[in-house]
Structure formats: structure tokens, C-alpha cells
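Presented below is the structure to which this report refers.
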Amino acid sequence: MVRVLASLSKVMSEAVLAWTLYLHRNMPAYAKQQSQRVWSSLPYCPPEDKTIGILGIGKLGKASALRLSENGFKVIGWSRHKKTISGIHCYRGQVGLDFVLKNTDILISLLPLTRSTHHLLGRKNLAKMHKNSAIINFSRGPIIDAEALLNQLDSGHISHAVLDVF
């Protein structure tokens, strides 16, 4: 069993919140406008209208889910085993994973790398995400099939990916 320091949970939840806000407030589009010397405000979407899905709701995922929820986001989580977090809908198994993928605007991966999570976010599962969804990966790199992710980004199906992996 891996022990997670409380300070690591706090730091991780801060990073999750920061990058979620970056994507939620559409900072990539504003950066593009800035490089083109254009200023046009984009439509505002309140946090409660965005669903954030967290894959891996152990200690780090729980801290992140609670921090996002405190900031007004609708948060859903997935893990292999049953979890209960007050105010967070938690799912498990393949049916639960499918639900989270299909209903998430921003997907955050905090999964450990195991045989069952290697390329969990591959072509088939990435295609289940809705158009213009985004991914934040704080997991080990091989959780995501890089080629499948690049294809989804190139096609415009996934709008943005933040890859800050361990």
C-alpha cells in the first residue's frame, strides 16, 4: 500500500484546480488571441455547468475532487473499487468508466500505473469522451496511449490535453 503524505495531497489538489481553471476559463483560446493581437471575450460558463471527471479517487483523487467541488464544479469520480466521498458521485467498473468518460467536460487522471491501467485511455476509451472535452494527466505517462491522444487532438474531438505526468 502506498502512503500519500498530506502535503502531497494538498499540492496535487492545488495543481488539479489550477489546470482545471485554466481549461475551464478557456485560457488556450485567450493565449491564441493574444499571439494574434486580438481581444474578444469568450462566452462565460459557470463552474457548476462543467462536469469534472476524476479517474483514480484514492487519497490524491479525493483531495482533488473535494477542492474542485468547493470551487463550484460538478465532480464525478471513478476507481476500480467502491468509494464513497460526500458530495461526489463515485463510479466503478467498466460501466462506471464509460459513464464518467461520456459525461465529463474535463477528465483528470490520477491513476497508478498497473497492468489494467496501461493505455486505459486508448483509442476506444478516448473516443467515448464527448467532442471538445479536455484531459489533464497527472498519472504515469503510459496510462494514455500517446498516439491515440494525438489522433483525438488532431481531429478536434479532444480540445486540449495537459500532460504533467510523474
Side-chain angles (χ1 to χ4, degrees), residues 1-24 28 50-69 71 73-166:
M1 181 175 171
V2 176
R3 293 202 145 170
V4 177
L5 298 172
S7 60
L8 180 58
S9 293
K10 182 178 186 287
V11 169
M12 180 60 74
S13 70
E14 287 172 355
V16 164
L17 177 61
W19 282 108
T20 299
L21 288 169
Y22 175 83
L23 295 173
H24 166 67
K50 287 270 175 101
T51 300
I52 312 303
I54 298 179
L55 302 182
I57 47 176
K59 296 218 186 279
L60 297 177
K62 178 180 179 180
S64 297
L66 293 172
R67 182 160 296 215
L68 290 166
S69 181
N71 281 272
F73 291 100
K74 178 180 173 186
V75 182
I76 57 179
W78 178 84
S79 68
R80 289 183 341 142
H81 305 288
K82 183 177 180 181
K83 302 282 179 156
T84 303
I85 303 171
S86 180
I88 309 297
H89 291 278
C90 299
Y91 300 89
R92 64 185 167 130
Q94 187 61 50
V95 171
L97 178 61
D98 290 347
F99 180 86
V100 171
L101 293 172
K102 291 175 184 175
N103 291 284
T104 293
D105 297 303
I106 299 172
L107 182 70
I108 300 164
S109 179
L110 295 169
L111 293 165
L113 180 59
T114 66
R115 284 187 194 132
S116 63
T117 61
H118 183 268
H119 283 188
L120 179 68
L121 296 175
R123 183 185 55 78
K124 184 177 172 185
N125 280 334
L126 291 174
K128 293 175 184 175
M129 296 176 68
H130 64 74
K131 185 163 176 56
N132 294 319
S133 55
I135 294 175
I136 300 170
N137 186 24
F138 283 124
S139 300
R140 300 277 181 181
I143 300 289
I144 297 180
D145 177 343
E147 185 177 332
L149 177 60
L150 287 172
N151 288 336
Q152 292 293 338
L153 289 164
D154 287 344
S155 74
H157 185 77
I158 293 177
S159 65
H160 200 86
V162 174
L163 306 175
D164 188 359
V165 299
F166 288 108

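Please read these numbers as outputs of a predicted model, since none were measured by experiment.
The shortest side-chain heavy-atom distance between R67 and K10 falls under the 4.5 Å cut-off. Taking 4.5 Å as the limit, every side-chain heavy atom of I88 sits out of range of all side-chain heavy atoms of I57. Between I76 and T104, some side-chain heavy-atom pair lies under the 4.5 Å cut-off. Here the side chains of V100 and L107 are in contact, with some heavy-atom distance below 4.5 Å. Contact of the Q152 side chain with the I135 side chain is not registered, since no non-hydrogen atoms from C-beta on lie closer than 4.5 Å. Proximity of L111 to L121: side-chain heavy atoms (C-beta onward) are nowhere separated by under 4.5 Å. Proximity of I108 to S64: side-chain heavy atoms (C-beta onward) are nowhere separated by under 4.5 Å. Side chains of R123 and N151 form no contact here, defined as non-hydrogen atoms less than 4.5 Å apart.
A donor-acceptor contact shorter than 3.5 Å links the side chain of T114 to the backbone of T117. A donor-acceptor pair under 3.5 Å links the side-chain atoms of S159 to the main chain of N132, judged by distance alone. A donor-acceptor pair under 3.5 Å is formed between the side chain of S139 and the backbone N or O of L110. Between the side chain of W78 and the backbone N or O of G93 there is at least one donor-acceptor pair closer than 3.5 Å. A donor-acceptor contact shorter than 3.5 Å links the side chain of T20 to the backbone of V16.
Put simply, CD1 on I143 and CG on L55 are 9.0 Å apart, with the number rounded to the nearest 0.5 Å. In this structure, the separation between CG on L68 and OG1 on T51 is 11.5 Å, given to the nearest 0.5 Å. Interatomic distance, NE2 of H89 versus CG of N103, reported as 11.5 Å (0.5 Å rounding). Expressed to the nearest 0.5 Å, how far NZ of K62 lies from OG of S79 amounts to 12.5 Å. Note that CG of L21 and NZ of K50 are 10.0 Å apart. Values are rounded to the nearest 0.5 Å. Taken from CG in L97 to CZ in R92, the straight-line distance is 13.5 Å, to the nearest 0.5 Å.
The nearest pair of heavy atoms linking C90 to K83 is CB-O, 3.3 Å. Taking each heavy atom of A134 and L23 in turn, the nearest pair found is CB-CD1, 3.8 Å. Listed here is the closest heavy atom pair of G156 and K131: O-NZ, 3.1 Å. Between Y91 and G96, the shortest heavy-atom distance links the atoms CB-CA, 3.7 Å.
Other residues, nucleotides and ligands place more than 12 heavy atoms under 6.0 Å from the CD atom of E14. Heavy-atom contacts from other residues, nucleotides or ligands closer than 6.0 Å to NE2 of H157 number more than 12. In this structure, K82 places its NZ atom where only 12 or fewer heavy-atom neighbours from other residues, nucleotides or ligands lie under 6.0 Å away.
With no hydrogens or angles considered, a side-chain donor-acceptor pair links H130 and D105 at under 3.5 Å.
Using a cutoff of 4.0 Å between basic side-chain nitrogens and carboxylate oxygens, D98 and K128 are scored as salt-bridged.
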